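Take a look at the structure below.
Because the structure is predicted, anything quoted here is derived from the model rather than measured. So you know, we letter chains A, B, ... as the sequences are listed, proteins then strands, and number each from 1.
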Number of protein chains: 2
Amino acid sequence: MDIPQPIISTVDIVLLLIKDERLCVTLSKRDKDPYENQEALPGGYIHAEEDRDCLDAAVRILRQKTGLLPPYLEQLKTFTGAARDPRGWSISVAYFALVDADLILSSANPGLTICPVDALRRLPFDHNEIIAAAVDRIRNKSQYSSLPCYLAGETFSLPRLQKIYEACLGEALHKVSFRRKMDELGVLEAVPGQTESAGAHRPAQMYRLKSEFKNQLKLLVRGL
Amino acid sequence: MDIPQPIISTVDIVLLLIKDERLCVTLSKRDKDPYENQEALPGGYIHAEEDRDCLDAAVRILRQKTGLLPPYLEQLKTFTGAARDPRGWSISVAYFALVDADLILSSANPGLTICPVDALRRLPFDHNEIIAAAVDRIRNKSQYSSLPCYLAGETFSLPRLQKIYEACLGEALHKVSFRRKMDELGVLEAVPGQTESAGAHRPAQMYRLKSEFKNQLKLLVRGL
DNA sequence: ATAATAGTGTCTGTAAGACATTATCAA
DNA sequence: TTGATAATGTCTTACAGACACTATTAT
């Protein structure tokens, strides 16, 4: 009994970033069937002989398809079943990554498209569902953690960071409370002397993640 | 290129319950190699020809190994890699289930053991790690949801429910605040006239989940 | 009556949001 | 000077925890 059937095992990655103050996902043109030449989540087979585990596979696939290693990468959820892939019963271990938009937009990678998560058309497989799960995840974690800071690049002003949080959460935030909470989180430090002039008004102080938090999320006891 | 290697695909289930006011996990004696006759998480191969998806497989395996369908079952996390199973590169989609202890303890299922999550010995595979992830999950969700109610059975007193929440969270709760929050959640209703006498003192009012919440979690904006 | 726990009312400190004011730039 | 946004101070309200008190049972 119990002879396992062959199951297609893949990894898909939801790479999120902020463009024009909107939360966007990175799509990649598929280079083979099924759905050849269509936009879909970057993904690929697990290579059992090469990848130590799925996280390893996600890193490899991200490098191949986007050329970068995002500062934040975590497992999202696994999508399975007979119906989601025309090739048959499949497992896709989905990952969830955040990156500063400039890193992608500057590299001008030809096969990639950036699309707002609230303006997606119908995608192959169950990729719409996977992206919805990623948006849920970032919404949730943005309420009580420093997660959105990974979308902000090296240095950033507090007004811009607030815009990023708002894009993640899908709602406006109270300025004073937001600043109190960021202060309470304690992950930011002002960059001495560095400000950002953005028009005919007082320039904003620039901040950066304290080095000890560049690879570590900080959580709040109470949310934003 | 890209010819997928065979990968072992399984489902493992962390079935949690409260026994003696402690959070416990259900272990099952393995009936085949590897680790035959050792206690481990109930699990099994995905049957591609039989299971529509992994949730389906989890339900089937739960029925086979425990004989019951818990009121709460959700995907936990997927554990993968070359190192976790002596048979080779494997994927285990782990699920997380809650059940009223009486349902297991009364059925006297011979192959099952109930063990407190903070008194586990070393288990086969990476099952300790999987259980740790489940405990993390329930800790987290217990802070702001009605999740622990699924551990409480049909009817229960508020003092008992508080004990259950405390076992999930691993810390004592403030009585007045706990009751305020349960009231705010609005998932409970008093069972008219039904009380529980537990010694030489005032008996406790019994409550039950409102029927509309028996299959639906309720979340708090702010935690407990 | 007493002991023990169930259940509730009130007070207080804290934290979040509302509002207002000051700061600093470009034009 | 004006207009725009940055940044901060103050007030109000809401909520969580502390404490105290009442309720109800068995012995």
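For the pair B:Ser145 (side chain) and B:Leu217 (backbone), a donor-acceptor distance under 3.5 Å is absent. Looking at B:Thr195, its side chain never comes within 3.5 Å of a backbone N or O of B:Pro203 through a donor-acceptor pair. Between the side chain of B:Gln205 and the backbone N or O of B:Gln194, at least one donor-acceptor pair lies under 3.5 Å. A:Arg137 places no side-chain N or O within 3.5 Å of a backbone atom of A:Phe96 that could act as its donor or acceptor partner. Remark: the backbone N or O of B:Gly186 is paired with a side-chain donor or acceptor of B:Lys210 at under 3.5 angstrom. The main-chain N or O of A:Cys54 is found under 3.5 Å from a side-chain atom of B:Thr80 such that the two form a donor-acceptor pair. Looking at B:Lys218, its side chain does come within 3.5 Å of a backbone N or O of B:Leu185 through a donor-acceptor pair. Of the possible polar contacts, one joining the B:Asp53 side chain to the B:Leu55 backbone as a donor-acceptor pair under 3.5 Å is found.
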Measure all distances between protein nitrogen or oxygen atoms and nitrogen or oxygen atoms of nucleotides 8-11 of chain C, and list the pairs falling under 3.5 Å.
none

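First and last contacting nucleotides of DNA chain D toward chain A (any atom under 4.0 angstrom from a heavy atom, 5' to 3' order): D:dG3 to D:dG9.
Within residues 141-152 of chain A, no residue has any heavy atom under 4.0 Å from DNA chain D. Residues from residues 194-201 of chain B placing a heavy atom under 4.0 Å of any atom in DNA chain C, listed by number, are B:Ala200, B:His201. Contacts between residues 157-165 of chain B and DNA chain C, defined by a heavy-atom separation under 4.0 Å, are made by B:Pro159.
Residue pairs meeting the ring pair (Phe, Tyr, Trp, His ring centres under 6.0 Å) criterion with at least one member in residues 167-201 of chain B, sequence neighbours excluded, are B:Tyr165-B:Phe178. For residues 127-148 of chain A, the ring pair (Phe, Tyr, Trp, His ring centres under 6.0 Å) pairs, not counting sequence neighbours, are A:Phe125-A:His127. Counting only residues at least two apart or on different chains, the salt bridge (Lys or Arg N to Asp or Glu O under 4.0 Å) pairs with a member in residues 138-164 of chain A are A:Glu74-A:Lys141, A:Glu154-A:Lys214. Contacts classified as ring pair (Phe, Tyr, Trp, His ring centres under 6.0 Å) and involving residues 52-74 of chain A (residues at least two apart or in different chains) are given here: A:Tyr72-A:Tyr150. Pairs engaging residues 202-224 of chain A under the ring pair (Phe, Tyr, Trp, His ring centres under 6.0 Å) rule: none recorded [sequence neighbours left out].
Listed by chain and number, the residues in a side chain to side chain contact (heavy atoms under 4.5 Å, CB included) with A:Lys181 are A:Glu184, A:Leu220, A:Arg222, A:Leu224 (sequence neighbours excluded). For A:Asn128, the side chain to side chain contact (heavy atoms under 4.5 Å, CB included) partners at least two apart in sequence or on another chain are A:Leu120, A:Arg122, A:Leu123.
In this structure, A:His174 and B:Ala204 both approach DNA chain C, and ranking their closest nucleotides by distance from the 5' end singles out B:Ala204.
If you take CD of A:Glu171 and C1' of C:dA16, they are 14 Å apart, rounded to a whole angstrom.
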